[in-house]
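Working notes, structure below.
So you know, we letter chains A, B, ... as the sequences are listed, proteins then strands, and number each from 1. Because only heavy atoms are used, hydrogens play no part in the values below, and waters and symmetry mates are left out as well, while side chains stay in. Keep in mind the model is a prediction, meaning the values are calculated, not measured.
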Protein chains: 2
Amino acid sequence: MRKRGSSPHTTHLRDKFTQYNREAGFYDCYLYWVNTAQTTDICEFMSRNTVIHSVTADDVAALAGVSRWTVNRAFKKDASISLKSKKKVLDAAAELGYLPDLLAAGLASDKSSLVSLLIDDFSNPYKLLMMERLTRILRTHGWGTILVNTVNNDDATDALLNASQRRVDAAILIGSRYDEAILTAALGARAVRKLIVFGRYSSHPDTISIGCDDVSAMNQIADHVIARGYQRPLFLAGPQTPSAHLLRQDTFLKRWSNQKQEKADYTTVGVYDPKAAYEHVCRVLGALNKNQWPDILVSENDAIAMGAIDAVRYHFGLKVPHDIAVTGFDNAPFADSPNYELTTYRQPISEMAEQLAEVLKGRQLTQKLNHFKGELIIRTSA
Amino acid sequence: MRKRGSSPHTTHLRDKFTQYNREAGFYDCYLYWVNTAQTTDICEFMSRNTVIHSVTADDVAALAGVSRWTVNRAFKKDASISLKSKKKVLDAAAELGYLPDLLAAGLASDKSSLVSLLIDDFSNPYKLLMMERLTRILRTHGWGTILVNTVNNDDATDALLNASQRRVDAAILIGSRYDEAILTAALGARAVRKLIVFGRYSSHPDTISIGCDDVSAMNQIADHVIARGYQRPLFLAGPQTPSAHLLRQDTFLKRWSNQKQEKADYTTVGVYDPKAAYEHVCRVLGALNKNQWPDILVSENDAIAMGAIDAVRYHFGLKVPHDIAVTGFDNAPFADSPNYELTTYRQPISEMAEQLAEVLKGRQLTQKLNHFKGELIIRTSA
DNA sequence: GGTTTTTTTGCACCCGCGTGCAAAACGGAC
DNA sequence: GTCCGTTTTGCACGCGGGTGCAAAAAAACC
């Protein structure tokens, strides 16, 4: 595709592009983009050029009259390079439409600037929000995000292997069911350099878990439920993975028994999926005498809460919160829809994602990675 | 990290791993995995080993007593290699826990086996479904998916540049607002080798668009609406991008006027977002005299339809479908929720994703990439 | 067994860039 | 102009594996 660094080739490229140089603003926009990683009108820049790939640092070096390594430095911040040659290089690069090849860079430096994001659960709309934040914020810090689908639990290790083949800098788990075995596998094999559990507590050693302070959050919810005078809560729990340690559930139950001197009940839905929650709630409430019914369903997250509301409203024909109230957790998309008006707790995902970027950079600013404070959002569902 | 192919090093690795060999089933599982790309219990395999990275083909070659290139062939299907040496190599590889490095392979072969998936819209739950299918199916065909967030339109070109830096084999657009400029930029600059618009029609030349037969689909919806006897439809349109060519909208309007000898009305929501649709419907219907009200809202997709239903039900206090009916398109998550019970059209995304894989492999089996047939799903909303 | 055909194997060279170090250029003081 | 300290620049070598071809080995044939 490209004859390497051959002088005629370079000359050819040069001829090809010099026609564009006369048009004003061309360089500026390119340089601006390179320097700031902001887009002004690169769009225009790109459409004017016909070959952007297969231009290597050698080509640029030849055109700029410097060595390849100087070209290199021009694109690397904090590199020792004189302003003069930096300008020369960037000019040449702009002329040729050169951009460093991240694949080669990754191979050479053993840093792929890629992370893989493992998700095992696409039925929870909250994941959409997490993906939006994570991809956006990680990219501003230079990381690409490989989305890995592990809906089958078996796939998870497979995916991890794949991740290791791609030399990702880290694997981020935002799933709900990952168990010890997977974590151990990933870490034991050093398939990934860093294993990060995001938005969820993990007690696994060597795993970095970034999440909000579930205890404080759940206590706020409990206090709210108590303050509103509810008497018979039923906690709807999600997947029972050992590493998550049932943190939200335990916290709620403990708080309740401390405050009310009586035990609160709970039931395990097992999946963070509105439909499953719907059916579970139908079954559980259906099996109960009316006088044993809860007056509030405290859900481990919004996905469950939504299913619960649907069940209360459509299966039993009752009113939320009048007959049975519901709380959630996450402030997922649709939580604010008029169908749900869910009282819930918002995790500060953006902050958490920023922290994640710091962790990836190796600067772990704080040890308190699981104590982000979010906010209780009170709507009409409870 | 690793001394390259040095004999003492290899011996060291060998020592390190031979202890595991005695345990039964170890090889088998590894070999099985390598050959079938299926996971049996690689999990266990991985956790037993402590170094999986930084084992190169050279190490394996040394251990197996063959050349590095033979090792290579053992991992490449359809390669010419004798069964005997393949076994030798795979045994050695299993012993060392070797896996080929995709980064290096990508650099050498100029195929990264990576695609980037550009999304500009995280508020439509349908995207969740598309991501699930695409990532899962592409992975079975060997591609990793880089998720690129382009919520800011400006970011799209930036993202495309980034994609080119990563040498992705293709960029897949599943956004809603990508306009000509971006497509042209991407193609003009050859920033990406292939530009694929998925789940949506694109008239742009050089762009491969894979989608269902919108015309046939929308006609089915129109016929259903007519058959049910609705008289005053209002079409709720999404973003007005030139390349999408308003296919669904035009189809519906045309069908209606052909069948009913009168024009149907439409209004432009502009975004595929339930909230925006909610407000838009409130505004539009609010400005109309009751006698001019539509009896059915035909929506360009489910995201809009959901917002429309919410507006009808909660803002105007009316019943769906009794007062105003609603149809959608996509059969997105939540379309079957009791809140919506949306009559909609399901696109065959799995089939489409398989077709995408074929396109990536360069075998474009059919020219009819925009004529997948889905199915009309009739629920209670219309 | 000798010869031809086919399969299998080995190898030089390349992919595009990073790293650490040594040489060169620069700049200021005398 | 010389000397010395400080930038700045150039370079050999490496990252791990892919490609096409030629040599070697195996198989087929007479």
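Side-chain contact of B:R68 with B:T56: a donor-acceptor pair under 3.5 Å is absent, judged by distance alone. Donor-acceptor pairing under 3.5 Å is recorded for the side chains of B:H141 and B:E354.
A side-chain donor-acceptor contact under 3.5 Å links B:Q165 to the backbone of A:P100.
We find that CG of A:L107 is positioned 9 Å from C1' of C:dC15, with the value rounded to whole Å. In this structure, the CH2 atom of B:W69 is 14 Å from the C1' atom of D:dA22, given to the nearest Å. Atom P of nucleotide D:dC15 and atom CG of A:L103 are separated by 17 Å, given to the nearest angstrom. The nearest whole Å value for the distance from the NZ atom in B:K88 to the P atom in C:dT8 is 14 Å. Regarding A:D110, its CG atom lies at a distance of 7 Å from the P atom of D:dG16, rounded to whole Å. Taking atom CG of residue A:N72 and atom P of nucleotide D:dG10, one finds them 12 Å apart after rounding to whole Å. Look at CG on A:D101: it is 9 Å from C1' on C:dC15, rounded to the nearest Å. Put simply, CD1 on A:I81 is 6 Å from P on D:dT9, counting in whole angstrom units.
Applying the 3.5 Å distance criterion, the base of C:dG16 shares no donor-acceptor pair with the side chain of A:R68. Put simply, the side chain of B:R73 and the base of C:dG10 share a donor and an acceptor less than 3.5 Å apart.
At least one side-chain nitrogen or oxygen of B:K76 sits closer than 4.0 Å to the OP1 or OP2 atom of D:dT19. Contact annotation: B:S82 side-chain N/O to C:dT9 OP1/OP2 distance is under 4.0 Å. Side-chain nitrogen and oxygen atoms of B:S85 include none within less than 4.0 Å of the OP1 or OP2 phosphate oxygen of C:dT8. Note on A:R167: a side-chain N or O is less than 4.0 Å away from OP1 or OP2 of D:dG16. Side-chain nitrogen and oxygen atoms of B:S67 include at least one within less than 4.0 Å of the OP1 or OP2 phosphate oxygen of C:dG10.
Of the listed nucleotides (D:dT8, C:dG16, C:dG10), C:dG10 has the atom at the smallest distance from the side chain of B:T70.
Comparing B:S109 and B:K84 by the nucleotide of DNA chain C that holds the closest heavy atom to each, the one mapping nearer the 5' end is B:K84. Along DNA chain D, the nucleotide nearest B:A104 and the nucleotide nearest A:G65 are compared for position; the residue whose nucleotide lies closer to the 5' end is A:G65.
To the nearest 0.5 Å, the span separating OG on A:S116 from CD1 on B:I146 amounts to 11.0 Å.
Counting non-hydrogen atoms of other residues, nucleotides and ligands closer than 6.0 Å to NZ of B:K76 gives a total of 12 or fewer.
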